[in-house]
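Before any comments, here is the structure.
Chain identifiers are assigned alphabetically (A, B, ...) following the order of the sequence lines, protein sequences preceding nucleic acid strands; residue numbering begins at 1 within each chain.
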2 protein chains.
Amino acid sequence: MVVPVEMSRKRPVSLSSSLARRLEQLILDGTLKSGKPIPSERQLAERLGVSRNILREALKELRGRGVIDTQHGRGSIVKGLVPNLEQGNALTYLFREHPRTLYDLLEVRELLEGRAAYLAADRGTEEDFHRITHAFEAMEQAGQESTDPVRSAQLDHAFHQTISEASHNPVLVHTLQSLMELMLNSVLASVNNLYHRETSKKQIDRHHRQIYNAVIGRQPDWAQKAATAHIRNVRERLLEIEQEEQRLDRSSDWEKLLR
Amino acid sequence: MVVPVEMSRKRPVSLSSSLARRLEQLILDGTLKSGKPIPSERQLAERLGVSRNILREALKELRGRGVIDTQHGRGSIVKGLVPNLEQGNALTYLFREHPRTLYDLLEVRELLEGRAAYLAADRGTEEDFHRITHAFEAMEQAGQESTDPVRSAQLDHAFHQTISEASHNPVLVHTLQSLMELMLNSVLASVNNLYHRETSKKQIDRHHRQIYNAVIGRQPDWAQKAATAHIRNVRERLLEIEQEEQRLDRSSDWEKLLR
DNA sequence: TCATTTCAACTGGTACTACCACTTTGACTA
DNA sequence: TAGTCAAAGTGGTAGTACCAGTTGAAATGA
């Protein structure tokens with residue numbers, strides 16, 4: 001009921017403003033995910049222990065700043081923060097023209113995933129670990145039952161994303177997300193090839209298990225090492241695949257795939 | 001073939017938002033003069049024929065846009081209109097109100113700059129080194145002559161950018177660029193503070209020289225170590241500055257109490 | 001059976017009232 | 001004269017009631 005408001009600002013912070021702040025923090029932490037709807041005003045107001053009036057003022061503030069989008073009768077959705085990181089245009093062009101950029105991307109991703117795993121092991125909460133476990137088990141189970149490469153890629157992505165979110169670094173999360181979207185949008189087909197090869201699949205599964213155990217076991221250094229090794233492995237595999245394909249079809253499978 | 005123009009206006013404008021517009025118009029017309037107080041909420045609400053709730057939401061919008069300034073128990077005054085046009089991006093606010101995000105960003109930047117320096121030392125061409133040298137010398141020279149913090153920041157940025165470009169990883173370059181734009185647009189003032197402090201400046205110059213020498217000398221590991229240390233140092237300095245500013249805020253509160 | 005209509009239960013938008021917290025002012029007191 | 005303090009003004013919150021779009025599932029029609 002009574003919500004303590006701590007502050008050290010010049011002027012006393014109004015409840016509605018600090019509310020807006022709290023909501024933003026929730027978005028940054030990933031509790032409220034970009035693109036997803038947020039609870040209704042009545043629910044939120046009750047859950048946060050404030051009147052709907054004041055909750056509305058807070059939402060108004062977020063809305064004015066473009067953080068959320070609201071429609072009468074439907075609800076509000078998170079529009080996402082850090083829009084400047086939508087690097088779509090410039091880089092999608094690059095991918096079309098120079099497929100090798102994929103390895104450059106994986107080079108960056110290797111760094112970021114490693115750091116994310118480190119931080120996740122270091123400052124992830126029990127709830128984070130719960131989500132990670134859930135994603136991991138879903139991935140393992142699907143790996144035994146189904147052979148659908150698309151689903152595998154999705155679960156893979158989900159697993160890595162839960163880990164990055166456990167890092168509690170929103171900039172890291174959003175950057176990785178941007179890179180992943182870029183990758184999935186442009187070269188999904190090639191990535192899927194990985195899951196068709198038994199040797200690759202086994203290796204990937206082993207890496208995933210290493211990452212998972214290290215994070216859950218709160219072993220930051222191991223987690224980082226496992227994650228970087230994982231991405232590096234993916235990168236090398238893709239390189240092999242590409243060379244193979246080039247041998248088979250000199251004239252570019254790539255461009256067809258990327259178009 | 002004539003297409004009604006206003007068909008795209010699917011969403012009705014909420015009363016509170018249009019109210020905010022009307023109030024802004026009143027300010028533009030001079031009815032509400034800059035610096036002067038505006039009528040109380042109760043008066044305004046009655047005069048405009050709306051509920052006080054909705055009037056408050058409108059004021060909240062103006063307040064969020066920096067058009068008016070409100071104090072509990074006193075009232076609201078017009079701060080002036082059109083303060084900053086490009087303020088639109090939520091990031092400016094985000095970084096101002098959530099300083100932690102800045103450290104999150106620098107945490108990511110530390111990784112990327114380190115890797116960029118490593119790669120630059122490893123696979124940079126002579127031409128790259130030429131550009132880096134050019135940028136480095138310009139920075140050093142300006143450091144002795146001028147004390148313009150803005151120019152210093154620009155040259156600093158240019159130096160780091162030439163290095164990242166020497167990494168020949170476009171994804172890395174682009175990601176770093178995005179992060180830098182984010183930072184410069186939002187917290188330029190704070191960053192500039194760094195160049196005002198002699199001790200900071202000396203330390204920064206030393207780090208830059210270390211990075212430069214390591215890259216030019218083709219010492220990837222040293223380059224990486226120097227670059228990460230550099231960014232980490234910046235991060236810690238900014239933390240100090242922020243804490244200082246918070247102390248200043250509190251002391252100014254004391255003055256107010258004594259007066 | 002399938003397409004259509006209808007309606008109930010959501011959602012956000014607006015109004016009104018009562019009260020709390022802060023600031024200013026000025027009359028009253030010491 | 002200097003200090004006290006209470007009233008009246010201000011913005012801040014809470015709560016209720018109702019209006020207005022949206023949705024989806026049950027009821028209806030062909």
Side-chain angles (χ1 to χ4, degrees), chain A residues 1-23 32 35-79, chain B residues 7-23 32 35-79 252-259:
Chain A
M1 184 67 68
V2 177
V3 181
V5 178
E6 98 276 34
M7 34 117 220
S8 58
R9 285 297 180 208
K10 265 185 180 177
R11 255 183 275 165
V13 184
S14 73
L15 177 54
S16 61
S17 287
S18 64
L19 256 186
R21 221 188 141 90
R22 280 176 65 185
L23 290 174
L32 299 179
K36 299 242 172 171
I38 67 179
S40 74
E41 295 182 350
R42 290 170 176 83
Q43 281 183 36
L44 259 185
E46 187 184 8
R47 190 149 65 188
L48 296 175
V50 300
S51 78
R52 199 178 144 221
N53 264 342
I54 248 53
L55 191 266
R56 275 181 60 79
E57 289 190 11
L59 291 181
K60 185 92 191 173
E61 202 169 325
L62 297 183
R63 206 169 330 168
R65 231 177 279 127
V67 176
I68 64 174
D69 189 32
T70 305
Q71 290 187 33
H72 192 171
R74 303 179 86 184
S76 299
I77 63 170
V78 178
K79 280 174 72 178
Chain B
M7 283 306 279
S8 60
R9 191 194 69 84
K10 256 192 167 176
R11 247 180 286 176
V13 189
S14 73
L15 177 53
S16 60
S17 288
S18 63
L19 255 185
R21 270 190 113 75
R22 278 177 66 185
L23 290 173
L32 300 178
K36 298 256 175 172
I38 67 178
S40 74
E41 295 182 351
R42 288 171 178 81
Q43 282 183 35
L44 259 185
E46 188 183 9
R47 200 180 309 178
L48 296 175
V50 299
S51 78
R52 200 180 143 219
N53 259 345
I54 249 51
L55 189 267
R56 276 181 59 78
E57 287 190 12
L59 291 181
K60 186 91 191 173
E61 200 168 326
L62 296 183
R63 205 170 330 171
R65 233 178 278 147
V67 176
I68 65 174
D69 189 32
T70 305
Q71 290 185 34
H72 193 170
R74 303 179 86 182
S76 299
I77 63 170
V78 179
K79 278 174 72 178
S252 67
D253 259 71
W254 293 348
E255 286 175 21
K256 195 174 171 187
L257 288 176
L258 295 178
R259 184 156 37 87

**OP:** Round to a whole Å and report the spacing from CD of A:Gln71 to C1' of C:dC10.
**Re:** 15 Å
Subject >> B:Ala20 to B:Leu62 - nearest heavy-atom pair and separation >> reply: O-CD2, 3.7 Å
**OP:** Measure from CD on B:Glu41 to C1' on D:dT13 and round the result to the nearest Å.
**Re:** 12 Å
Original post:
Can you find a side chain N or O atom of A:Arg63 that sits less than 4.0 Å from OP1 or OP2 on C:dG13?
Top reply: yes
Original post:
In dot-bracket notation, what is the pairing pattern of DNA chain C, taking Watson-Crick (N1-N3 plus N6-O4 or O6-N4) and G-U wobble (N1-O2 and O6-N3) contacts under 3.5 Å, with [ ] crossing and | for other strands?
Top reply: ||||||||||||||||||||||||||||||
Subject >> N/O (side chain, B:Gln43) to phosphate O (OP1/OP2, D:dG9) under 4.0 Å >> reply: no
Subject >> Distance, rounded to the nearest Å, where A:His72 contributes NE2 and D:dG21 contributes P >> reply: 6 Å
Original post:
When all nucleic acid strands are considered with a 4.0 Å heavy-atom cut-off, which category describes B:Glu46: base, sugar-phosphate, or nothing?
Top reply: nothing
Original post:
What are the two closest heavy atoms between A:Arg56 and B:Glu57, and how far apart are they?
Top reply: NE-OE2, 2.9 Å
Subject >> Between D:dG12 (C1') and A:Leu55 (CG): distance, integer Å >> reply: 15 Å
**OP:** Can you tell me the distance, in whole Å, between the CG atom of B:Asn53 and the C1' atom of C:dG13?
**Re:** 10 Å
Original post:
For A:Ile77 and D:dT23, what is the distance between atoms CD1 and P respectively, to the nearest whole Å?
Top reply: 13 Å
Original post:
Where each residue is assigned the nucleotide of DNA chain C containing its nearest heavy atom, which of B:Leu15 and A:Ser40 is assigned the position nearer the 5′ end?
Top reply: A:Ser40
**OP:** Take atom CD1 of A:Ile54 and atom P of C:dC20, then tell me their distance rounded to the nearest Å.
**Re:** 16 Å
Original post:
Between atom CD in A:Glu57 and atom P in D:dA14, what is the gap in whole Å?
Top reply: 10 Å
Subject >> Under 4.0 angstrom between B:Arg56 side-chain N/O and D:dG12 OP1 or OP2 >> reply: yes
Original post:
Of the non-hydrogen atoms in A:Leu59 and A:Ile38, which two are nearest, and what is the gap between them?
Top reply: CD2-CD1, 4.1 Å
**OP:** Take B:Asp69 and B:Val78 through the side chain to side chain contact (heavy atoms under 4.5 Å, CB included) test and state the conclusion after the steps.
**Re:** CA-CA 6 Å; B:Asp69 189 32; B:Val78 179; over 6 Å; no
**OP:** List the atom of B:Ala45, the atom of B:Arg52, and the distance in Å for their closest heavy-atom pair.
**Re:** CB-CA, 3.8 Å
Original post:
For the residue pair A:Arg22 and A:Leu48, what are the closest heavy atoms and their distance?
Top reply: NH2-CD2, 3.6 Å
Original post:
Does the side chain of A:Ser51 get closer than 4.0 angstrom to OP1 or OP2 of D:dG15 through an N or O atom?
Top reply: no
**OP:** Let me know, please, whether B:Arg52 or A:Arg42 comes out on the 5' side of the other along DNA chain D by nearest nucleotide.
**Re:** B:Arg52
Original post:
What are the two closest non-hydrogen atoms of A:Ser16 and A:Ile54, and how far apart are they?
Top reply: CB-O, 3.8 Å
